[in-house]
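A short worksheet on the structure shown next.
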Amino acid sequence: MLIDYEKELNPAQYEAVLTTEGPLLVIAGAGSGKTRTIVYRLAYLVEQGIPPASILLLTFTRKASQEMLGRAGELLGMGMNAVRGGTFHSFAFFLLRKYAHLLGYENGFTVLDRSDAEGLIKQAKEELDIAKGDRSFPKKSTVISLLSQARNKEMDLGDILRQDAGHLDGYREDILRLEKRYKELKTQYQVVDYDDLLFVLEKLLISHPEVLEQERAAYQYIMVDEYQDTNRVQARLVKLFAGNTGNVMAVGDDAQSIYAFRGANIQNILDFPDVFPGTRVIKLEQNYRSVQPILSLTNAILAGSQQKYTKKLFSQKESTRLPEVVKPLSDSTEARLVVAKILELEKEFPLHEIAVLFRAGYHSYALEVELNKMGIKFQKYGGIKFSDAAHIKDALAFIKLVANPLDLPAFRRAFSGIKGVGPKTCERLFHALGAGDRDTIDKACRKNAAIRTVMDLLDSLRESSPTPLSALEAVYEYYKPLVEHRFPDDYPRRISGLDELAQIASPYKDIETFLADLTLENPDQLGSSNMSQDQLILSTVHSAKGLEWSAVILINLVEERFPSRHAMNSAEEFEEERRLLYVACTRAREYLGLFVPSALYNRYYQSNDPAMPCPFLQDIPSHLFTEFKETYGGRTVGVGAGQKTSAPAFSGTSPLSSSPSVSSATTPTTCRHKIFGQGKIVERIDPDKYKINFPGFGLKVIVRDYVELLDE
DNA sequence: CGACGCCCTATTTTT
DNA sequence: TAGGGCGTCG
């Protein structure tokens, strides 16, 4: 035997690795060596003589599966490329493409990404003349979310609207009409969206038993990671592939289920032993990631729940450092305190070992501004996607047209880049092309030579059936010169983004796979170009799933934000927010900082409204953390018993005083203004401006010269 | 018809 | 804050 499994694994992990036959459910707590277990199990299977090609490994991201296969390959000293691995969606795409001829897709098919789908909704809206001039009609992205929610939960759209979107009651009929038209358009253009991938695959397998037999036989061993976040179709697909005697392992953690909004059904993992009789259940409860004080806190978060979770984690990593709760005056001062904390942590950990997590993408805007000011480099996960950037979409539009010449949205994009060509002209050209109306086209080309240029470019590309890279290079020859015009503010960054896209494209042989991977995988995780740099990580909690850092800071832990105000409709949603906080906190190995601003800045009223702390924090006994408060002077001081003089993290001098751009330590807290009288300084916006709260007048931003600064 | 600028409104999480 | 609707000008 090459690997001493018993020595390298703990007893529970060892048992999971050696249980290869029959159904197996592994309940793997956060940081309990889940990945390690899967990696060793892959290695073990191959060592037992199982051909890698007959193993199917379904994970939440492809990066996760690549990491596991890479590590298993190292262990064995051989490549594991033959293992089929990836997400449900990419695996479904792979199979659907293989059997596209059975599904009536003539020229293959394209997968719509989110913005493509939104484009179809927009088109449907225009065609049906819905919501004209109505600014409160839900945005296309909202509509798409609703349609997707309905499908993933396998519920009627009308019911979803009633249940989760009561405020859209008046638009119910229109939204239902949009749904119908959206479906028709997908069929017409031979495109599928994310959700279709799963449902169409299921339909294929059921309606073609010979296909099912063949694929079932191909995969003798199935492993599914993050099972708590699968939805109902995904569970049915697993069942279909595993058959009745199947060797199927599901790995997951009921306490980390955070995708109910997407139809994830916690029942899947709980019911697994019923669906597969004879299931062996193994729990991994020893945590190897976090120090015990962090685990004590996360256990307390779960303990506050009505729901009973299946296990309790423990760690052997001791530490005297307690998690910290920091209470800034407001969310705007929070950003600066977080930066100060990061500077402090940076002495102890490399920047890429520090992460700031938040509930929603936009919660980090203030922090991003502050980080830029201070010149701290960061990488954001779960923000705007790489392929959503306008210049990337532009370039891809041409590539899409090579794969599918009648892709109207891509056509619009490619041609409306030409000066003097707008939506109407695009539409006219598109219809003329579809109808073979050479006259109209020739006329348009004569009027605007650029139209001819683009058409020739596309024609020549289509003829030569290029690789994605060579196609991009040809497109760039035309497109790159336009970038400076189109994005005068930041074209150098855009150009390098295009080069990055070419990098990503380079290993691909055919355009369809390239495009599908781009929509099916988060390119943040595909391209590794800037991963190596030492950068701070900003991430939504959802995108942080499965990752870990030495130091983790959570921001905006107040009601309305965390939990999200949208998650307060039902007990189930509320419970999911608790698990979300649990997931966030269990990402931390050594340092955990929870930032709870006392007030939220309200742009609408230009005021700071008091905010309630995240309710789950109330469930944590106060001896499990150290608490700090920000003073009006911008300093951070310890509160409560045991703090007294020397707080280990924010001691004595203000952490802000070390920052060059803001010197709050010397900023007085009060001042006097000729008209408004005496007020409290809330924030120093820049060296010459203060935000001041004047009793009776509210918050004002005042230039320094107009106020008389009083002592501290 | 297209380009541009103004104003209103509604703000979650992702494959 | 930005996406989208609408008005205005070229």
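Residue numbers begin at 1 in each chain, while the letters A, B, ... track the order of the sequences.
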For B:dT14, is there a stacking contact with A:Phe261, counting only centres under 5.5 Å and planes under 30°? no
Polar side chain donor-acceptor pair, A:Tyr365 to A:Glu370, under 3.5 angstrom: no
Given atom CG of A:Leu197 and atom C1' of B:dT14, what is their separation to the nearest angstrom? 14 Å
d(OH, A:Tyr194; C1', B:dT14) in whole Å: 8 Å
How many whole angstroms separate atom CD of A:Gln228 from atom P of B:dT15? 15 Å
To the nearest Å, how far apart are A:His363 NE2 and B:dT12 P? 9 Å
A:Asp129 CG to C:dG5 C1': how many Å, rounded? 14 Å
Would you indicate which nucleotide in B:dT9, B:dT12, B:dT14 comes nearest to any side-chain atom of A:Arg135? B:dT9
Taking side-chain hydrogen bond (donor to acceptor under 3.5 Å, both in side chains) as the criterion, tell me which of A:Ser539, A:Ser364, A:Ser543 meets it with A:Lys380. A:Ser364
Under 4.0 Å between any heavy atoms, over every strand shown, what does A:Phe88 touch: base, sugar-phosphate, or nothing? Just pick one. nothing
Relative to each other, are the rings of A:Tyr219 and A:Phe241 parallel, tilted or perpendicular (30° and 60° limits)? perpendicular
Taking the six-membered ring of A:Tyr582, is NZ or CZ of A:Arg579 closer than 6.0 Å to its centre and within 45° of its axis? no
Starting at CZ of A:Phe137 and ending at P of B:dC8, how long is that distance when rounded to a whole Å? 21 Å
Does a side-chain N or O of A:Thr540 approach OP1 or OP2 of B:dT14 to a distance below 4.0 Å, or not? yes
For B:dT14, does either OP1 or OP2 sit under 4.0 Å from a side-chain N or O belonging to A:His542? no
With heavy atoms under 4.0 Å as the rule, sort A:Lys140 into base, sugar-phosphate or nothing. sugar-phosphate
So, OP1 or OP2 of B:dT14: does either fall under 4.0 Å of a side-chain N or O from A:Ser543? yes
Quick note, A:Lys424 side chain, CB onward, closest among B:dT14, B:dG2, B:dT13 is B:dG2
When A:Leu580 and A:Val421 are each assigned the nearest nucleotide of DNA chain B, the 5'-most assignment goes to A:Val421
Would you call the rings of A:His542 and A:Phe261 parallel, tilted or perpendicular if under 30° counts as parallel and over 60° as perpendicular? perpendicular
Side-chain donor/acceptor of A:Arg114 to base of B:dT14, under 3.5 Å: yes
Given that A:Cys426 and A:Phe60 both sit by DNA chain B, which one's nearest nucleotide is further toward the 5' end? A:Cys426
Can you tell if the side chain of A:Asp225 reaches within under 4.5 Å of the side chain of A:Met68, non-hydrogen atoms only? yes
Check every atom of C:dG5, B:dT14, C:dG4 against the side chain of A:Lys125 and return the nucleotide holding the closest atom. C:dG5
Between P of B:dA10 and OH of A:Tyr362, the distance in whole Å: 15 Å
Side-chain contact check for A:Thr425: nearest option of B:dA10, B:dT13, B:dG2 is B:dG2
What integer distance in Å separates A:Glu427:CD from B:dC1:C1'? 13 Å
